Amino acid sequence: MAKPIGFSAFLKLLELSDGPRRTELRKKLGGGGGFQYWRPVQIVAPKAILPAANIEILKKKIDGLCSGHQQQYNKNAFAAFCKWITGKPIKPSAALPTIDIPFGNSGLLVHLKPDISFEIDGNLFSMNLWATTKPLLTANTLSIGLLFSASAYKAQGYESHKHVILDTIRDRLFREEDILPNAIHLLKDKVDAFKKDWDVLNPIPPASPDRPTEQPGAPKQP
């Protein structure tokens, strides 16, 4: 089993076609964990739903955490998140635990950790943010990702939260009710595809031939 990959990286792998996916997976299996490009908005977004949160100060917090194009994309994602929460009676809630779950028998281990947990009108929600155009996510990928994440937590006994993905690029909220009816079949197809990638990238070395069994009293082999 490889080092766990984050949920955003998992969504990206789900969206990529065979060749680019295998290239990206090779990088992930190579170690290092990758650069946490979206960490600034993941740090700041949960603070935006706290009582008396100062959004302008939080924007400046992003400025202090990154620069250049990373800063601009993180600020854009934060702006989309702030637009979504505006006017909603959101209350912070205790975060779900971080869990590492195998993606079927594909060899991949997915690191699940919702970015924001909150309550609206007595309902608990756990949200992940998608904040990049590389790639843009389709309904197929969002369905597989959300089905996998929600099912993983419910299997661990955490059934009270509704799971959502906020696509800050397309300004849309993807909910469990939006999961496509054929999502389980799409998920199984992706497990098979990832398993093929895993087998190619992690070939099993051929077994060494067995040495002849020595009989008691027989002269030892030179």
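Worth knowing before you read on, the calculation uses all heavy atoms, side chains too, and leaves out hydrogens, waters and symmetry mates. Everything quoted here is computed from the prediction, not taken from an experiment.
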message: Tell me whether Lys59 is salt-bridged to Glu56, with the criterion being a basic N under 4.0 Å from an acidic carboxylate O.
response: yes
- prompt: When you check the gap from the basic side-chain N to the acidic O, do Asp63 and Lys75 get nearer than 4.0 Å?
  reply: yes
What's the separation between atom [atom1] in [X] and atom [atom2] in [Y], rounded to the nearest 0.5 Å?
X      : Y      : atom1 : atom2 : answer
Ile179 : Asn140 : CD1   : CG    : 12.0 Å
His185 : Ile144 : NE2   : CD1   : 12.0 Å
Asn105 : Lys195 : CG    : NZ    : 6.0 Å
Asp178 : Leu173 : CG    : CG    : 7.5 Å
Phe7   : Leu146 : CZ    : CG    : 6.5 Å
Leu25  : Leu108 : CG    : CG    : 5.5 Å

query: Checking side-chain contact (heavy atoms from CB on, under 4.5 Å) for the pair Asp167/Phe174: CA distance, chi angles, key distance, verdict?
result: CA-CA 7 Å; Asp167 184 345; Phe174 198 85; over 6 Å; no
Please examine the side chains of [Y] and [X], heavy atoms only from C-beta on, and report whether any two atoms are closer than 4.5 Å.
X      : Y      : result
Tyr158 : Leu124 : no
Leu65  : Asn74  : no
Thr141 : Leu11  : yes
Lys113 : Gln42  : no
Pro40  : Gln70  : yes
Lys12  : Pro135 : yes

Checking the side chain of [X] only, and the main-chain atoms of [Y] only, is there a donor and an acceptor separated by less than 3.5 Å?
X      : Y      : answer
Lys47  : Ile43  : no
Arg175 : Lys162 : no
Glu15  : Thr138 : yes
Ser126 : His161 : no
Glu176 : His163 : yes
Asp192 : Asp189 : no
Ser149 : Gly145 : no

message: Walk me through whether Asp18 and Arg21 qualify under salt bridge (charged side-chain N to carboxylate O under 4.0 Å, His left out).
response: CA-CA 5 Å; Asp18 291 352; Arg21 184 187 65 241; 3.1 Å; yes
Group every Ile, Leu, Val, Met, Phe, Trp and Tyr by side-chain heavy-atom contacts under 4.5 Å, then state whether [X] and [Y] land in the same group.
X      : Y      : result
Tyr153 : Leu147 : yes
Ile184 : Val191 : yes
Leu50  : Leu129 : no
Ile116 : Ile120 : yes
Val110 : Leu186 : yes

For residues 92-103, dump all side-chain donor-acceptor pairs below 3.5 Å to protein atoms at least two apart in sequence or in another chain.
{"from": "Ser93", "atom 1": "OG", "to": "Phe118", "atom 2": "N", "distance (Å)": "3.2"}
{"from": "Asp100", "atom 1": "OD1", "to": "His111", "atom 2": "ND1", "distance (Å)": "2.6"}

Heavy-atom pair of closest approach, residues Ala152 and Leu112: CB-CD1, 3.6 Å
- request: Please report the shortest heavy-atom distance between Ala131 and Thr168, naming the atom on each side.
  value: CA-OG1, 3.3 Å
message: Can you tell me which residue among Leu142, Thr132, Leu14 is in a side chain to side chain contact (heavy atoms under 4.5 Å, CB included) with Leu137?
response: Leu142
query: Taking only residues at least two apart or on different chains, which pairs with a member in residues 44-81 satisfy ring-ring contact (aromatic ring centres under 6.0 Å, His included)?
result: Tyr37-His69
query: Can you list the residues that meet the side-chain hydrogen bond (donor to acceptor under 3.5 Å, both in side chains) rule with Glu119, with sequence neighbours excluded?
result: none
- request: Determine whether more than 12 heavy atoms belonging to other residues, nucleotides or ligands lie under 6.0 Å from atom NZ of Lys88.
  value: yes
- request: Show your working on side-chain contact (heavy atoms from CB on, under 4.5 Å) between Ile5 and Leu13 and close with a plain yes or no.
  value: CA-CA 10 Å; Ile5 62 170; Leu13 288 171; 3.5 Å; yes
message: Arg172 vs Trp130, test: side-chain contact (heavy atoms from CB on, under 4.5 Å). Steps then yes/no.
response: CA-CA 10 Å; Arg172 64 176 173 178; Trp130 179 257; over 6 Å; no
task: List the steps, then state whether side-chain contact (heavy atoms from CB on, under 4.5 Å) holds for Phe148 with Lys190.
output: CA-CA 11 Å; Phe148 176 74; Lys190 285 296 183 181; over 6 Å; no
